[in-house]
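Numbers here simply count residues along the sequence, with the first being 1.
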Amino acid sequence: WNLKSTYISNVYPENRENFSLSSQKIHELSLEELEDAPMLHEVLEEFEEWLTKYLKHKSLRSLNICGQSVMYDIVFLKAAYRQEKKEWPFSNMLIDLHNIAFYLFEVLAKNGIKTPRSLSLNAIADFFDLKREGLEHNALEDALITGECLRECMNYTNILKLKA
């Protein structure tokens with residue numbers, strides 16, 4: 001759970017006609033602000049280089065992909081790799097905060113602990129008293145908060161005892 005490095009990059013929208021106002025509103029990025037952003041193939045290459053720089057085994061197949069409702073991210077990434085005609089370099093192992101929080105909150109609720117009604121990242125973070133720095137949807141901040149929430153969920157393994 002020790003942060004080694006962070007990576008974030010915008011990507012130039014190759015299909016400009018699909019750039020939507022709703023995306024612009026969520027990410028607070030206009031098409032004009034993305035004019036100088038790198039192309040998808042550049043970002044994928046840079047991302048892989050960044051990942052292997054911080055891995056002990058130097059293999060992307062050794063990674064567990066983590067996230068909040070992480071299948072959406074995996075589907076997006078796999079589509080990006082297909083679009084660039086690149087082989088998927090990652091393992092199929094994943095850790096999903098949404099699933100872990102669902103199970104943890106069920107156990108806590110059955111033990112009389114008040115849990116959030118929602119499993120959104122904000123609701124889970126609030127449960128652990130983790131606060132965002134900004135109000136906008138920022139992928140890096142989401143990733144950092146997700147990591148902190150996963151750490152907090154895993155900390156419960158030291159607290160909870162199962163009755164046989």
Side-chain angles (χ1 to χ4, degrees), residues 1-31 33-34 37-105 116 118-128 130-155:
W1 300 113
N2 297 323
L3 180 65
K4 295 183 183 203
S5 179
T6 61
Y7 176 88
I8 188 167
S9 178
N10 291 323
V11 178
Y12 180 78
E14 296 174 23
N15 194 352
R16 293 172 63 99
E17 58 273 7
N18 285 339
F19 188 82
S20 68
L21 290 177
S22 62
S23 292
Q24 181 176 330
K25 187 176 178 180
I26 289 170
H27 300 287
E28 294 187 358
L29 283 171
S30 69
L31 195 52
E33 291 173 293
L34 295 172
M39 302 296 278
L40 180 60
H41 70 275
E42 296 171 297
V43 173
L44 290 178
E45 185 176 313
E46 187 180 282
F47 180 60
E48 286 182 23
E49 287 173 10
W50 171 78
L51 282 169
T52 55
K53 182 177 179 180
Y54 294 98
L55 292 177
K56 292 178 185 173
H57 302 291
K58 303 293 182 201
S59 169
L60 299 179
R61 294 238 178 254
S62 67
L63 288 176
N64 287 325
I65 298 176
C66 304
Q68 165 68 349
S69 299
V70 73
M71 281 308 299
Y72 294 110
D73 300 310
I74 290 171
V75 168
F76 173 80
L77 270 175
K78 282 188 174 184
Y81 273 85
R82 267 193 313 277
Q83 177 181 324
E84 295 302 315
K85 297 177 178 38
K86 291 180 59 116
E87 183 179 337
W88 178 251
F90 303 103
S91 76
N92 291 318
M93 296 181 289
L94 61 91
I95 300 173
D96 192 332
L97 174 62
H98 186 271
N99 292 337
I100 290 171
F102 171 80
Y103 182 72
L104 174 63
F105 292 164
S118 166
L119 290 173
S120 70
L121 180 56
N122 285 338
I124 297 167
D126 285 346
F127 178 80
F128 294 118
L130 301 170
K131 303 295 178 216
R132 290 182 177 281
E133 290 183 21
L135 297 175
E136 73 275 357
H137 181 86
N138 176 288
L140 180 56
E141 187 172 32
D142 283 358
L144 293 171
I145 288 176
T146 298
E148 291 179 44
C149 288
L150 282 166
R151 181 190 63 228
E152 293 298 323
C153 285
M154 298 310 288
N155 284 341

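- Taken from CG in Asn99 to CG in Leu104, the straight-line distance is 12.5 Å, to the nearest 0.5 Å.
- In this structure, CG in Leu63 is found 6.0 Å from CG in Leu51, a value given to the nearest 0.5 Å.
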Could you go step by step and tell me if Arg151 and Met154 meet the side-chain contact (heavy atoms from CB on, under 4.5 Å) rule?
-> CA-CA 5 Å; Arg151 181 190 63 228; Met154 298 310 288; 5.9 Å; no

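- Atom CD1 of Ile74 is separated from atom CG of Leu94 by 4.5 Å, given to the nearest 0.5 angstrom.
- By the side chain to side chain donor-acceptor pair (under 3.5 Å) test, Ser118 pairs with Ser120, sequence neighbours left out.
- Remark: Lys85 NZ is loosely packed, at most 12 non-hydrogen atoms of other residues, nucleotides or ligands lying under 6.0 Å away.
- Using cut-offs of 30° and 60° for the angle between ring planes, the Phe90 and Trp88 rings count as perpendicular.
- Taking the side chain as every heavy atom from C-beta outward, Ile8 and Asn138 approach each other to under 4.5 Å.
- With contacts defined as side-chain heavy-atom distances shorter than 4.5 Å, the pair Pro116/Phe105 qualifies.
- Considering all non-hydrogen atoms of both residues, Tyr81 and Leu44 come closest at CE1-CD2, 3.7 Å.
- Between Cys66 and Thr146 the shortest side-chain heavy-atom distance does not fall below 4.5 Å.
- Inspection of the Glu42 and Tyr12 side chains reveals no N or O donor paired with an N or O acceptor under 3.5 Å.
- Side-chain atoms of Glu33 and Asn10, non-hydrogen and from C-beta on, never get closer than 4.5 Å to each other.
- Two residues are said to be in side-chain contact when any heavy atoms from C-beta on lie closer than 4.5 Å; Ile124 and Glu152 fail this criterion.
- Shown here are the salt bridge (charged side-chain N to carboxylate O under 4.0 Å, His left out) partners of Lys78, two or more places apart in sequence or in another chain: there are none.
- Within 6.0 Å of NZ on Lys53 lie no more than 12 heavy atoms contributed by other residues, nucleotides or ligands.
- Put simply, CG on Leu77 and CZ on Arg82 are 11.0 Å apart, with the number rounded to the nearest 0.5 Å.
- Scanning for side chain to side chain donor-acceptor pair (under 3.5 Å) contacts around Asn122 gives Arg132, with sequence neighbours left out.
- The two residues Val11 and Ala37 come nearest to each other via the heavy atoms C-CB, 3.9 Å.
- Once rounded to the nearest 0.5 Å, the distance linking CD of Glu45 with NZ of Lys86 reads 6.0 Å.
- Residues Cys153 and Tyr103 fail the side-chain proximity criterion, which asks for heavy atoms closer than 4.5 Å.
- Within the 3.5 Å criterion, the main-chain N or O of Asn64 finds no donor-acceptor partner in the side chain of Ser91.
- Interatomic distance, CH2 of Trp50 versus OG of Ser5, reported as 5.5 Å (0.5 Å rounding).
- Summarising the local packing, CE of Met93 is surrounded by more than 12 heavy atoms from other residues, nucleotides or ligands at distances under 6.0 Å.
- Tested against Val70 for a side chain to side chain contact (heavy atoms under 4.5 Å, CB included), the candidates Asp96, Ile95, Leu97 yield a single pass: Asp96.
- Nearest heavy atom pair, residue Phe128 against residue Cys149, reads CE1-O, 3.9 Å.
- Looking at heavy atoms from C-beta onward, Glu48 lies out of side-chain contact with Thr52 at the 4.5 angstrom threshold.
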